[in-house]
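Heads up: the structure comes next, in structure tokens.
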Amino acid sequence: MGQAGQNEFLGLTSRTKAQAQNVFSKQNGGTEEETRLLHFTYYKMSQFWKPGTEKPQILDDEEGGILFFSAPPSSSSRFGYSSIEKQRQRLPVYKYRNAILYLVETHATSIIVGETGSGKTTQIPQYLNEAGWAEGGRVIACTQPRRLAVQAVASRVAEEMGVKLGEEVGYVIRFEDLTKPGATKIKFLTDGVLLREMMDDPLLTNYSVIMVDEAHERSLSTDILLGLLKKIQRRRPELRIIISSATIEAKTMSSFFNTRRANGKTVEAIEPRKDPAILSVEGRGFNVQIHYLEEPASDYLQAAVSTVLSIHDQSFLDPAPQHCSRLFVLPLYSGLSRADQDLIFSPTPRGKRKVIVSTNIAETSLTLEGIVYVVDSGFSKQRFYNPISDIENLVVAPISKASARQRAGRAGRVRSGKCYRLYTEEYFVNEMSAEGIPEMQRSNLVSCVIQLKALGIDNILGFDWPASPAPEAMIRALEVLYSLGIIDDDAKLTSPIGFQVAEIPLDPMISKMILSGSLLGCLEEVITIAAILSVQSIWVSVRGVQKEMDEVKLRFAAAEGDHVTYLNVYKAFLQSGKSSQWCYKNFINYHAMRKVMETREQLKRITQRLGIALKSCERDTQVLRKAITTGFFANACRLEAFSQAGMYKTIKSSQEVYIHPSSVLFRVNPKWVIYNSIVSTDRHYMRNVIAIDPSWLTEAAPQFYHHQRGEKVAY
DNA sequence: GAGCACTGC
């Protein structure tokens, strides 16, 4: 690499300021930081919370370090309010307004438990703004796990405040920044975006209050964020954190954030209390009557069907023999096209009843108004990660009480409803776990580890998590990152590879592939592949036209494998002038392709910022496959020549795997392949497969394969 | 010759 390249890499290294400033380590002095803190503290004193006339009634539980509130009666209505103002006052959260402001002022962390419909998400940021928390250029942040929620809540709040979205009230999601620095006071964003922001501003100094909403969902990025916020609090005592959760299991969170010293050191008046406050706000749903089975069901599918039919029989006054034809049954899952998803909102044909058979997309992501009956199987498909085999499995597993309540709540949104649980009450009470297993404890952790490393957190195994992940999973993640050359012998990010990988918002194996692609002169191609691999599928999912689809696929098929096939599709799509019509004809998902283009543009910007060269390898697919190999060498498999046709074994752990029938290499069965991911059903199927030469493996990861060869691999 | 958890940067 030339001198210019070196400098660019060095320039990059300082981009990850958290690492450079080492803000989370103990020895850090950081006078600049302290000056800023002083400024904040001084500022805050001058606009101390005005308790107003009514002081909230507080029941102080000193033992647990938790405050319980009983709300004062709601204040009488006054004149001069617009209807939107009246609506705001009718929300259950309104009568806790002063209590919430008092808690936030006096406690570093406040936990607000509120059911759906309490209004906490839209109102609390506004209360904080009204109380002055956004003065002096500071910003109130509110995070959400999902992009759609960010957009929806932000526009609602902008409307309530009578301001233009993107001015005082703004939002940031991937690909979309609708904020105005200096003007935006309330900012909604996904927790993933806030984590990315920490790479540039590790102490999140722009924010006076950070509200983490939907914390009960315990998503991977929410948990990482909470762990980091706890660290930030030590350096920024003036920062306020609000954790908002729908379940009462808030004590776990409370003890996590309780940093009060046991020996009772005198705390200065301006410092908030370190023990979190808990406040509970009631929801505003309608009554939902719960029904249980008397005996456990042996087949939940059968039980679900007969329950639906019996609801239908009971509630139709004229149960004609052909009553099934009166059912209007629709599927709902995320892989459906938008048009098919929108069908569920379509009016029900006259004389018919709509039945929606849904995955748990309907549990949190999508809200259907007007549901009266919910049938809850008691199961959902959940991802579990096995760190030993390094394989993620999708399994049907029992849901938690929290999920069951969430499902039932879907029946009571516009009027009272009923929920039929396909399990016994005894099972619900005694056997169902209160909450689901946090994602952190059932995921592959490579992305999570690299994010922490990028923030300068060296002791990953000792990191204080809201829920500790399995040590095996941590160790596996460290091993993978080490073999990729992303971390060194001391488990620190390598320069430049490690720092660059941390900058790219994708799975580290994909990021490594991109960086190798630039060195090998095929960056144009690898970022296209990276973008395509980041969407669920570029093919449409239509049933009944499989044959035509397969024939069309053959037009793009490349002997090298799926990645090269995707490149052919992308090129043809560009040649068509990015035509949606062309997509339709070729069974390509147009929306997925648009997302691919968006992602590709972002990756292009990032690689430009990293100063790496955007070159094309034209028709040389060998360098391309070598680049893929440098990222995915750990997913190498060899065909078992003398066993069942099409059976492969992974080099890493001798797992039995097969090429997925959707792959262009299905039935082709090259001797050596590399896969992108595995889907597990009755067998482990490799998805997105390319053929490789085994010599590339030792080239890409000499230590990894040197070590493995002696034990398991015989070429 | 398969089977369609869900998010997110």
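In what follows, every heavy atom counts, from backbone to side chain, and hydrogens, waters and symmetry copies are set aside.
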In 5'-to-3' order, the base (B), backbone-only (S) or no-contact (-) status of each nucleotide in nucleotides 4-9 of chain B, using a 4.0 angstrom heavy-atom cut-off, is BBSSSB

Rounded to whole Å, the CD1-P distance (A:Ile678 to B:dG3) equals 14 Å

- Query: Looking at side-chain heavy atoms only, is the closest gap between A:Tyr685 and A:Ile659 below 4.5 Å?
  - Reply: no

Contact between A:Arg683 and A:Glu656 at the side-chain level, heavy atoms closer than 4.5 Å - yes or no?
no

Closest non-hydrogen atoms of A:Leu603 and A:Ile527, given as atom of the first, atom of the second and distance, are CD1-O, 3.9 Å

Within 45° of the six-membered ring axis of A:Phe587 and under 6.0 Å from that ring's centre, is NZ or CZ of A:Lys553 located there?
no

Review point. Does A:Arg638 count as lying over the ring of A:Tyr648, i.e. NZ or CZ under 6.0 Å from the six-ring centre, within 45 degrees of the axis?
Key: no

